[in-house]
Amino acid sequence: MTASEPQRVERQQTDKGYVPVYTTAVVEQPWASYSRTDHQTWATLFQRQREVLKGRACREFIENQERFQMAPNAIPRFDDLNEVLAKATGWQLVGVEGLLPELVFFDHLANRRFPVTWWIRKPEQLDYLAEPDLFHDLFGHVPLLLNPVFADYMEAYGKGGVKAHGIGAEALVNLTRLYWYTVEFGLIRQDDGLRIYGSGIVSSKGESIHCLESPAPNRIGFDLKRIMKTRYRIDTYQKTYFVIDSFDQLMDATRPDFRPIYAELAEQPSIPAGDVLATDAVFNRGTGEGWAKDGDV
Ligand SMILES: C[C@H](O)[C@H](O)[C@H]1CNc2nc(N)[nH]c(=O)c2N1
Ligand SMILES: N[C@@H](Cc1ccccc1)C(=O)O
Ligand SMILES: [Fe+2]
């Protein structure tokens, strides 16, 4: 690694497992420094997920991934993807080292900049890693930034995050749950059935299958306040998936000022990730098989 290339920040492995190290720098994509193994990891994940997502990812995801013409056999160049994005929705990718402090992350989104981790996982991490890498960000998040409504939603979300940061920690927790159950683990109802749009799902082979075909999870119709009160899991498949009818529904539901909602929710208890309420619009109640006992955040 020459001095000009970003140095990989070593993750602190402690007895509590993985502890995220937050960095703020924007880095140039060190395309020349990717190893053959890195490109091979991209190729393996890309081709495998493209196969798994046939009939499982929503049509907007599939169509927009085609529009990028991402190379299947080598890590795409951010500059090439940025040309497509600039023309379509004005979004730009910026390279980052990894997780950003929340306010830094929100500020990027509020300015139509999507932070993409520059490094890709190691071969032994193919099926799971505890933090977003290049494959999760590029393959999972970038295609929907070409969809005008979703692109607007992501910018509005960023602005809402900056605002929530000024309101307080509880507001941020509520808003992070919304990101988790839509942008990362959302499902959408199509005329031919439920499909995936959440990036955390599309970048995971196992969860792409589990979220639609396992009897274990609950699948519940989108409800903004319900989602903002609902805890989630960061280390296993989700116990509950929320289903939107359209990106317009998501945009319309989140247009109002959230301050009264934050105030209202502050009086109410959070909801465990696996609960189903009598007021829920239930697609199906899960069997709960294989669920871990605790661990909701
Ligand atoms: C939305 C929520 O704050 C979330 O944990 C943020 C924090 N920082 C991040 N930083 C990067 N680079 N990528 C992300 O997805 C996030 N997620
Ligand atoms: N309307 C929200 C901001 C927001 C928009 C879109 C998604 C999420 C949050 C607020 O006033 O705080
Ligand atoms: Fe993500």
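Both counts, for ligands and for their atoms, begin at 1 and track the order of listing.
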Which ligand 2 atoms are under 4.0 Å away from a heavy-atom of [X]?
{"X": "A156", "result": "4 (C), 5 (C), 6 (C)"}
{"X": "R255", "result": "1 (N)"}
{"X": "D257", "result": "11 (O)"}
{"X": "Y153", "result": "7 (C)"}
{"X": "L178", "result": "8 (C)"}

Are any of the N/O atoms in Y157 less than 3.5 Å from those in ligand 2?
-> no
Which of these passes side-chain contact (heavy atoms from CB on, under 4.5 Å) with I167: H165, E170, K163?
-> K163
Is the [X]-[Y] ring centre distance short of 6.0 angstrom?
{"X": "F139", "Y": "F135", "result": "yes"}
{"X": "Y181", "Y": "F242", "result": "yes"}
{"X": "F247", "Y": "Y197", "result": "yes"}
{"X": "Y157", "Y": "Y179", "result": "yes"}

Between the main-chain N or O of G200 and the side-chain N or O of S204, is there a donor-acceptor pair closer than 3.5 Å?
-> no
Determine yes or no for a side-chain-to-main-chain donor-acceptor pair under 3.5 angstrom, with D296 supplying the side chain and R231 the backbone.
-> no
Identify, for [atom], the protein heavy atom at the shortest distance, and state residue, atom and that distance.
{"atom": "atom 11 (O) of ligand 2", "value": "K163 NZ, 2.5 Å"}
{"atom": "atom 9 (C) of ligand 2", "value": "F258 CE2, 3.5 Å"}
{"atom": "atom 3 (C) of ligand 2", "value": "G160 CA, 3.6 Å"}
{"atom": "atom 6 (C) of ligand 1", "value": "F105 CD2, 3.7 Å"}

P256 contact mode with ligand 2 (heavy-atom cut-off under 4.0 Å) = backbone
Region of R259 engaging ligand 2 - heavy atom pairs below 4.0 Å | neither
Would you mind running through ligand 1 and noting each atom that sits below 4.0 Å from a heavy atom of L100?
-> 7 (C), 8 (N), 9 (C), 10 (N), 11 (C), 12 (N)
Gap separating the OH atom of Y153 from the OG1 atom of T254, nearest 0.5 angstrom = 5.5 Å
Return the name of the atom in H136, of element N, O or S, nearest to the Fe ion (ligand 3).
-> NE2
Does G98 have a non-hydrogen atom less than 4.0 Å from ligand 1?
-> yes
Does the protein place any heavy atom closer than 4.0 Å to atom 4 (C) of ligand 1?
-> no
Is there an N/O/S atom in E184 at a distance below 2.8 Å from the Fe ion (ligand 3)?
-> yes
When you look at CD of Q47, are more than 12 heavy atoms from neighbouring residues, nucleotides or ligands closer to it than 6.0 Å?
-> yes
Can a donor-acceptor pair be found between the side chains of [X] and [Y] at a distance below 3.5 Å?
{"X": "T230", "Y": "R226", "value": "yes"}
{"X": "N284", "Y": "R219", "value": "yes"}
{"X": "D133", "Y": "T117", "value": "no"}

Using non-hydrogen atoms of the residue, decide whether L250 is closer than 4.0 angstrom to ligand 2.
-> no
Should E102 be counted as touching ligand 1, given the test is an N or O pair under 3.5 Å?
-> yes
